[in-house]
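Presented below is the structure to which this report refers.
Order of listing sets the numbers, starting from 1, for every ligand and every atom in it.
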Amino acid sequence: MESQGINQRVTGRASLSEVLCVIGARPNYMKMAPLLEAFARTQPRVPARLVHTGQHYDVAMNDQHFQALDLPMPDIALGVGSGSHAVQTAEIMRRFEPVVDESAPGAVLVVGDVNSTLACALVAAKKGVPVFHVEAGLRSFDRTMPEEINRVLTDQLAELLFTTEAAAAANLAREGVPMERVRFVGNVMIDSVLRHLPRATPADQTLGGQCPSGYALVTLHRPSNVDDPETFCRLLQTLAEVATRLPVVFPVHPRTRARIEAAGQQGWFAQSGVHALPPLDYLVMLGLLREATCVLTDSGGLQEETTALGIPCLTLRDNTERPITVEQGTNTVVGTDPERILANVEQIMASGGKSGRVPELWDGHAAERIAIEVARWLEKRQRRSA
Ligand code: UD1
């Protein structure tokens, strides 16, 4: 046994135990795709199986992305669908537990901050299976955001925490996470941006030549913005105002579309002149992003992608869990005040807006660094238990 252990250490050829990799919602896919690829390429290879919880299930939110990102179809699909946070989280846990029991993985890897992230981390941790969290340590310090609760709790459960920016380690240290668990590796989401940018669909093709001299690209789906009728109505009016200055292109999230319909505002897009689009596949969105005059959003991912591409971004929230996009990148947190939003749009139109630089290690190689760390960690653990 012992001599085999030494042999493994020297040759580094031990086959590692399997990592169950979890995705659930759209923002997970662009993070997982480069990781699976890096796991297959690293030496020793990290055996991985992909589990999709089914938190997002629409074709528009799902299959298109898999194809665009070359993400393999999931090995295991839990098919949970929608529900309240409690119902969705509980259902994911209920369906994920037997998967962990049957496959006895070496680790469970989760990404980001969606309900699937926390639910699967919790199942694994309670079964003594190590949890790896990619995109750890981000904090908005706003506990009204469901994602903030998912972030804090997942980080408490994780054995290995991969961070995208320096502030994340400081947040984790403050919460008592031992620093030997933390690895600053960069941003896997930017791996996907850089890899797929050459294949991005030209904006002109998507917009049929309708916005030849620029446009604002808008996304909106946070409960704080779309579930409160007063805030949502104010934001829609502000977007209509923006559209009098600059064409506005708006791929509409299912949650947001549901709120517009519930408010009886189906006619709003036609009246406001805002170009509504369905949820877009990754390459189409990347093409729109690359050529946008500016982006107005409440998404976390877009704040990072605009920083990586040097596109001015106005974040329609009161805070961000990604401060580096403001400190070094092109992001400005403007909240939901109409005057502030319009003033910033006008400034971007007049002067090109805020310029920035690309943060450290947002270089397209974050997934490779994670794969190496994961392989080392698993090897070390296997040697110890040999
Ligand atoms: C979730 C994530 C959020 C992420 C976002 C990206 C949590 C807490 N939130 O929010 O962090 O930024 O995804 O999209 O995990 N729906 C469909 N089809 C789908 C998926 C959802 O119609 O494929 C509908 C649901 O029925 C629901 C609404 O959209 O009414 C919201 O979906 P849900 O997954 O609960 O949260 P998101 O707002 O998408």
Side-chain angles (χ1 to χ4, degrees), residues 22-32 51-66 68-69 74 77-93 96 110-122 133-136 138-140 142-155 189 192 218-228 231-232 235 250-263 277-282 285 289 295 297-306 313 315-317 319-322 325:
V22 176
I23 51 173
R26 187 173 59 172
N28 296 158
Y29 310 154
M30 36 296 242
K31 294 169 194 162
M32 192 58 78
V51 180
H52 192 330
T53 65
Q55 176 174 346
H56 282 175
Y57 46 87
D58 280 1
V59 171
M61 304 288 278
N62 244 340
D63 303 22
Q64 296 177 353
H65 287 270
F66 277 66
L69 287 158
L78 303 182
V80 296
S82 294
S84 69
H85 283 267
V87 167
Q88 191 172 61
T89 308
E91 196 56 31
I92 297 168
M93 290 180 71
F96 187 57
V110 294
V111 296
D113 56 15
V114 302
N115 289 340
S116 304
T117 310
L118 173 62
C120 294
L122 198 47
H133 185 205
V134 174
E135 205 186 83
L138 298 179
R139 297 290 180 269
S140 64
D142 174 3
R143 295 267 174 120
T144 65
M145 277 181 91
E147 293 82 1
E148 181 76 351
I149 295 171
N150 294 342
R151 289 190 276 260
V152 170
L153 296 177
T154 304
D155 286 339
M189 189 154 218
S192 276
V218 173
T219 79
L220 217 52
H221 76 280
R222 293 258 158 248
S224 59
N225 279 338
V226 304
D227 288 0
D228 172 41
T231 309
F232 190 36
L235 280 169
F250 187 176
V252 186
H253 187 279
R255 171 190 282 277
T256 310
R257 186 167 293 281
R259 298 299 176 268
I260 291 176
E261 282 165 13
L277 296 172
L280 301 172
D281 95 29
Y282 185 69
M285 188 65 182
L289 195 56
V295 170
T297 190
D298 57 11
S299 142
L302 277 170
Q303 294 173 50
E304 296 183 338
E305 289 166 339
T306 46
C313 177
T315 293
L316 308 179
R317 287 169 43 190
N319 51 52
T320 178
E321 62 286 338
R322 294 162 160 90
T325 61

Yes or no, since that's all I need: does a protein heavy atom fall within a distance strictly under 4.0 Å of atom 30 (O) of ligand 1? no

Candidate with minimal heavy-atom separation from [atom], of [options]:
atom                    : options                       : answer
atom 23 (O) of ligand 1 : Thr256, Ile149, Asp58, Thr219 : Asp58
atom 5 (C) of ligand 1  : His221, Arg26, Arg222         : His221
atom 9 (N) of ligand 1  : His85, Met145, His253, Glu147 : Glu147

Minimum-distance protein heavy atom relative to [atom]:
atom                    : answer
atom 2 (C) of ligand 1  : Val114 CG1, 3.7 Å
atom 7 (C) of ligand 1  : Gln55 NE2, 3.6 Å
atom 25 (C) of ligand 1 : Ser82 OG, 3.1 Å
atom 8 (C) of ligand 1  : Asn115 OD1, 3.3 Å
atom 20 (C) of ligand 1 : His56 CD2, 3.2 Å
atom 16 (N) of ligand 1 : Tyr57 OH, 3.6 Å
atom 38 (O) of ligand 1 : Arg255 NE, 2.8 Å
atom 24 (C) of ligand 1 : Pro254 CB, 3.9 Å

Heavy-atom gap Pro27 to ligand 1 smaller than 4.0 Å: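 For ligand 1, residue contact (heavy atoms, under 4.0 Å) with Pro27 is present.
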
Before we go on, tell me: are the rings of Tyr29 and His52 under 6.0 Å apart, centre to centre? yes

Please report the closest heavy-atom contact between [X] and [Y], naming both atoms and the distance.
X      : Y      : answer
Gly301 : Ser299 : N-OG, 3.2 Å
Gln303 : Thr325 : O-CG2, 3.5 Å
Thr117 : Gly112 : CG2-O, 3.3 Å
Asn62  : Tyr57  : ND2-CA, 3.3 Å
Ala121 : Thr154 : CB-CG2, 4.0 Å
Ser140 : Arg317 : CB-NH2, 4.1 Å

If we only count heavy atoms from C-beta on, is the His56 to His65 side-chain gap below 4.5 Å?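 Sidechains of His65 and His56: no contact.
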
Mind checking whether Thr297 and Cys313 have side chains closer than 4.5 Å, heavy atoms only? yes

So if I count the atoms of ligand 1 from 1 in the order they appear, which ones are less than 4.0 Å from some heavy atom of Met61? 14 (O), 19 (C), 23 (O)

Would Asn150 count as being in polar contact with ligand 1, using the rule that some N or O on each side must be under 3.5 angstrom apart? no

Determine the sole option in Glu91, Gln55, Glu147 for which the side-chain contact (heavy atoms from CB on, under 4.5 Å) test with Asn115 is passed. Gln55

